[in-house]
Trainee: 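My structure is below; once you've seen it, I'll send some questions.
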Amino acid sequence: MSEERSLNFIEQIVEEDLANGSTGGRVLTRFPPEPNGYLHIGHAKSIVLNFGLAQKYNGATNLRFDDTNPVTEDTEYVDSIREDIKWLGFTWEKELYASDYFEQLYEFAVKLIKKGLAYVEDATAEEIAAMKGTPTTPGVNSPCRSRSVEENLDLFERMRKGEFKDGEKTLRAKIDMASPNMHMRDPLMYRIKHAHHHRTGDKWCIYPMYDFAHGQSDSIENITHSICTLEFIPHRPLYDWFIKELDIYPSHQYEFARLNLNYTVMSKRKLKQLVEEKHVAGWDDPRMPTISGLRRRGYTAASIRNLCERVGVQKRDNVIEYSLLEFCIREELNKTANRAMAVLDPVKLVITNYPEGQVEELEAENNPEDPNSGSRKLPFSNTLYIEREDFMENPPKKYFRLGPGMMVRLKNAYIIKGEGVEKDADGNITTIYATYLPESKSGGDSSGLTVKGTIHWVSAAHAVAAEVRLYDRLFTVENPGAEEGDFKSFINKDSLQVIENAYVEPGLLQAKPGDRFQFMRKGYFSVDPDSTPGKPVFNRTVTLKDAWAKESAKAAK
RNA sequence: UGCCUGAUAGUAUAACGGUAGUACGACAGACUCUGACUCUGUUUGUCUUGGUUCGAAUCCAGGUCAGGCAACCA
């Protein structure tokens, strides 16, 4: 199959650059997170793009923390970001920090002052905003704009020395207050913040703005392709202006559309709110679209990378359907996850003609999709647990499960026939009675019978009690961020259902956090770190597709 | 009423002047010791109006719609 995937527009640019030698035959990208939150699946797209591009074209990718705002940043975030990138399967060339360049950035600023292209501003934030004009009306020049180079140099040095309070002075680029691009109206380069920085400590009290740090950092590192999201398009002329006036390595910026997923929010601000206001258990809550949340939910790195590759890279806004992510993980886990029997909503089933006290070891395939997965033994006895929904006293048409007089196969075991039930005072079924066909044993069935349904089970005396956490989408609407009012009012109150006492097959007692299984007919589950030696905890990653659920929902209408 | 992006099935993406294709979803069926998987089939699309051309999703012009831009955030 020589079917080649067509190149995305950034790959096309890279190939052109490589062909015409404009980057010296090099590809050096960077992934530049601000360490003020955890990475989410939107970042994964950027990571896959940046690292993937470098891999494809024999280049490299730097990890650079954009840590120019000390009040929002923290080393906790630095650590989690590192871990998540590694987990996704990528290795960076150099680990760098914008704060590594503070001294050099300061010199750059001095250079621009000397060229008469930067000046110290006295105005307050409000005054600066007022002088800036609006998108449809030009701004006006600040009185400070005409300060002499000498005075600017002196004032800027005194800013650095800490002679001024926060907000008292700023350094601005002298460009064009009438520019149709608001970002070119004498943008701020430096502001005063007497704040402790997570890496530079109290060494600095002036910090460069994004626009005077990002492009310069790219240039210092000789980044060839600086890839960012669409909202930075209007910054590009400024990015280029600084590089030109500073006469430094010409990195170039390219923009792509960020990834959006429906039924969730992606902005760091909103995710942070969910965590801080305890709507979720933490940044790694399995309902979160964070890398750590998806990991805990049971998503694999490969499935996330796969999603990022499937959605492509382009410049139009998009919202990816959650079902595509689910497809990616099901596709992988179907091939790799061992099957197991787990009864989530147990009801007791007694086989009246099976000898009491007898225990058989039955053979069970670990994964029919993987011939090398081997098999395991399952204990079988006269008292089992089956799923409550697998028995109905008055079943509708096309119900291929157990009912009075109905036959069904117990997976890997025998065909049984429903005989009767026992109920409590409220009419709830407490025990189902059935008979089995000894000659119908799996692997050696001589009964000549075929039944339409097969159900899962566990032996009551051998089953292990487990906690199972069932997750659903975090929000009830497709785009909670775009709805009127507070996005948190659209939180799905049933997004987490905890089953304290499910029963799983005995072998699962040995499962370790991170292990993944397909609970037959129920979905894919992974072992949560909250598990204890005696009681495993399983997170449902995703359900299996369920044709019967659709069928019965249709019938209910 | 300025500047900048963008617009192809429900969603996402391809076609780079020459048959509008792929994936996910949905629907129908086959198979099944998982109502899973797999397989088969069906459905739905080039924002609009002109122009250039033998030929336009693609090039040009106008319009419409959507998103972004006026933080001492990134």
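Chain naming here is simple, since letters A, B, ... match the order of the sequence lines and numbering starts at 1 in each. Both backbone and side-chain heavy atoms feed into the values below; hydrogens, waters and symmetry mates do not.
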Trainee: Distance between the C1' atoms of B:rU44 and B:rG21, in whole angstroms?
Mentor: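 Pairwise C1' distance, B:rU44 against B:rG21, rounds to 14 Å.
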Trainee: According to the salt bridge (Lys or Arg N to Asp or Glu O under 4.0 Å) rule, which pairs have a member within residues 179-192 of chain A, sequence neighbours left out?
Mentor: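 For residues 179-192 of chain A: A:R145-A:D186.
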Trainee: Determine, for nucleotides 69-74 of chain B in 5'-to-3' order, which nucleotides have protein heavy atoms under 4.0 Å from the base (write B), from only the sugar-phosphate (write S), or from neither (write -).
Mentor: SB-BSB
Trainee: Compute both the distance and the angle, then confirm whether A:K193 meets the cation-pi test with A:Y207: under 6.0 Å from the six-membered ring centre, within 45 degrees of the axis.
Mentor: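 That pair does not qualify as a cation-pi contact.
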Trainee: Less than 4.0 Å between a side-chain N and a carboxylate O, is that true for A:D445 and A:R409?
Mentor: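 Judged by the 4.0 Å cut-off on N to carboxylate O distance, A:R409 and A:D445 do form a salt bridge.
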Trainee: Any sub-3.5 Å donor-acceptor pair from A:R30's side-chain atoms to A:I227's backbone N or O?
Mentor: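 Yes, the answer is positive, given that a donor and an acceptor are paired below the 3.5 Å cut-off.
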Trainee: Under 3.5 Å, is there a donor-acceptor pair between the A:Q216 and A:Y239 side chains?
Mentor: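 A:Y239 and A:Q216 do not have a side-chain donor-acceptor pair below 3.5 Å.
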Trainee: When the C1' atoms of B:rC59 and B:rG18 are considered, how many whole Å apart are they?
Mentor: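 After rounding to an integer number of Å, I get 15 Å for this pair.
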Trainee: Which label fits A:F212 and A:F108: parallel for a plane angle under 30°, tilted from 30 to 60°, or perpendicular past 60°?
Mentor: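 Rings of A:F212 and A:F108: perpendicular, over 60°.
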Trainee: When every nucleotide of nucleotides 24-35 of chain B is labelled 5' to 3' by its protein contacts under 4.0 Å (heavy atoms), B for base, S for sugar-phosphate only, - for none, what sequence of letters results?
Mentor: SSSSS---BBBB
Trainee: Measure from CG on A:L307 to C1' on B:rA23 and round the result to the nearest Å.
Mentor: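 Checked: the CG to C1' distance equals 12 Å.
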Trainee: Would you sort out whether A:Y414 and A:Y436 count as a ring-ring contact (aromatic ring centres under 6.0 Å, His included), showing the intermediate values?
Mentor: CA-CA 6 Å; A:Y414 300 92; A:Y436 86 118; 4.8 Å; yes
Trainee: How far, in whole Å, is B:rU46 from B:rG41 if one measures between their C1' atoms?
Mentor: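 The same atom, C1', in both gives a distance of 25 Å.
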Trainee: Sticking with atom P, work out how far B:rA66 lies from B:rC73, rounded to a whole angstrom.
Mentor: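 To the nearest whole Å, 32 Å.
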Trainee: Spell out, as yes or no, whether a donor-acceptor pair under 3.5 Å connects the side chain of A:D218 to the backbone of A:S251.
Mentor: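 No, the answer is negative, given that no donor and acceptor are paired below the 3.5 Å cut-off.
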Trainee: Does CZ in A:R388 sit with more than 12 non-hydrogen atoms of other residues, nucleotides or ligands closer than 6.0 Å?
Mentor: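 Yes - once you tally the heavy atoms of other residues, nucleotides and ligands closer than 6.0 Å, there are more than 12.
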Trainee: If you write RNA chain B from 5' to 3' in dot-bracket form, with Watson-Crick or G-U pairs under 3.5 Å, [ ] for crossing pairs and | for pairs with another strand, what do you get?
Mentor: .((((((..((((....[..)))).(((((.......)))))....(((((..]....))))))))))).....
Trainee: Between B:rC47 and B:rA70, how far is it from one P atom to the other, in whole Å?
Mentor: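 Approximately 30 Å lies between the P atom of B:rC47 and that of B:rA70.
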Trainee: Look at A:R236 and B:rU5 and indicate whether a side-chain polar atom (N or O) is within less than 4.0 Å of OP1 or OP2.
Mentor: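 So the side chain of A:R236 is outside the cut-off, no N or O lying under 4.0 Å from OP1 or OP2 of B:rU5.
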Trainee: With heavy atoms under 4.0 Å as the rule, sort A:Q12 into base, sugar-phosphate or nothing.
Mentor: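 Counting heavy atoms under 4.0 Å across all strands, the contact made by A:Q12 includes a base.
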Trainee: Would one find more than 12 heavy atoms of other residues, nucleotides or ligands at under 6.0 Å from atom NZ of A:K56?
Mentor: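 Above 12, so yes.
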Trainee: Using whole Å, report how far CD of A:E16 lies from C1' of B:rC16.
Mentor: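 Roughly 11 Å, once rounded to whole Å.
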Trainee: For B:rG45 and B:rA30, measure between their C1' atoms and round to the nearest Å.
Mentor: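 That atom pair is separated by 30 Å.
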Trainee: Determine the interatomic distance between P on B:rA15 and the same-named atom on B:rA20; round to the nearest Å.
Mentor: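 Result for the P pair: 16 Å, nearest Å.
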Trainee: Tell me yes or no: between the side chains of A:N262 and A:E321, is some donor less than 3.5 Å from an acceptor?
Mentor: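 A:E321 and A:N262 do not have a side-chain donor-acceptor pair below 3.5 Å.
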Trainee: Which salt bridge (Lys or Arg N to Asp or Glu O under 4.0 Å) pairs, counting each pair once, include a residue from residues 361-370 of chain A, with sequence neighbours left out?
Mentor: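 Counting only pairs at least two positions apart or across chains, the salt bridge (Lys or Arg N to Asp or Glu O under 4.0 Å) contacts touching residues 361-370 of chain A are A:E363-A:K377.
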Trainee: Any N/O pairs under 3.5 Å between the protein and nucleotides 42-44 of chain B? List them or say none.
Mentor:
none

Trainee: Rounding to the closest angstrom, what is the interatomic distance between B:rC24 and B:rU34 at atom P?
Mentor: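 The same atom, P, in both gives a distance of 22 Å.
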Trainee: Closer than 3.5 angstrom, by distance alone: can the side chain of A:S303 be matched with the main-chain N or O of A:Y299 as a donor-acceptor pair?
Mentor: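 No; zero donor-acceptor contacts below 3.5 Å.
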Trainee: Which whole-number value in Å describes the distance from A:F256 CZ to B:rG68 P?
Mentor: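 Nearest whole value for this atom pair: 17 Å.
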Trainee: For the pair made of CZ in A:R185 and P in B:rC4, what is the distance, rounded to whole Å?
Mentor: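 So the CZ-P distance, A:R185 to B:rC4, works out to 14 Å.
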Trainee: Using whole Å, what does the distance between atom C1' of nucleotide B:rA12 and atom CD of A:Q314 come to?
Mentor: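 Whole-Å distance recorded here is 8 Å.
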Trainee: Within this structure, what is the CG-to-C1' distance between A:N306 and B:rU22, rounded to whole angstrom?
Mentor: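 Nearest whole value for this atom pair: 15 Å.
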Trainee: Does NZ or CZ of A:R199 lie under 6.0 Å from the centre of the six-membered ring of A:Y97, at an angle within 45° of the ring axis?
Mentor: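 The answer is yes, since A:R199 meets both limits relative to A:Y97.
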Trainee: Find the distance A:E331:CD to B:rC39:P and express it as a whole number of Å.
Mentor: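 Atom-to-atom, A:E331 to B:rC39, this comes out as 11 Å.
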Trainee: Separation of A:L230 atom CG from B:rC3 atom P, in whole Å?
Mentor: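 Distance check: A:L230 CG to B:rC3 P gives 19 Å.
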Trainee: Would A:R147 pass as a cation-pi partner of A:Y119, given that its NZ or CZ must be under 6.0 Å from the six-membered ring centre and within 45 degrees of the axis?
Mentor: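 No, cation not above the ring by the 6.0 Å, 45° rule.
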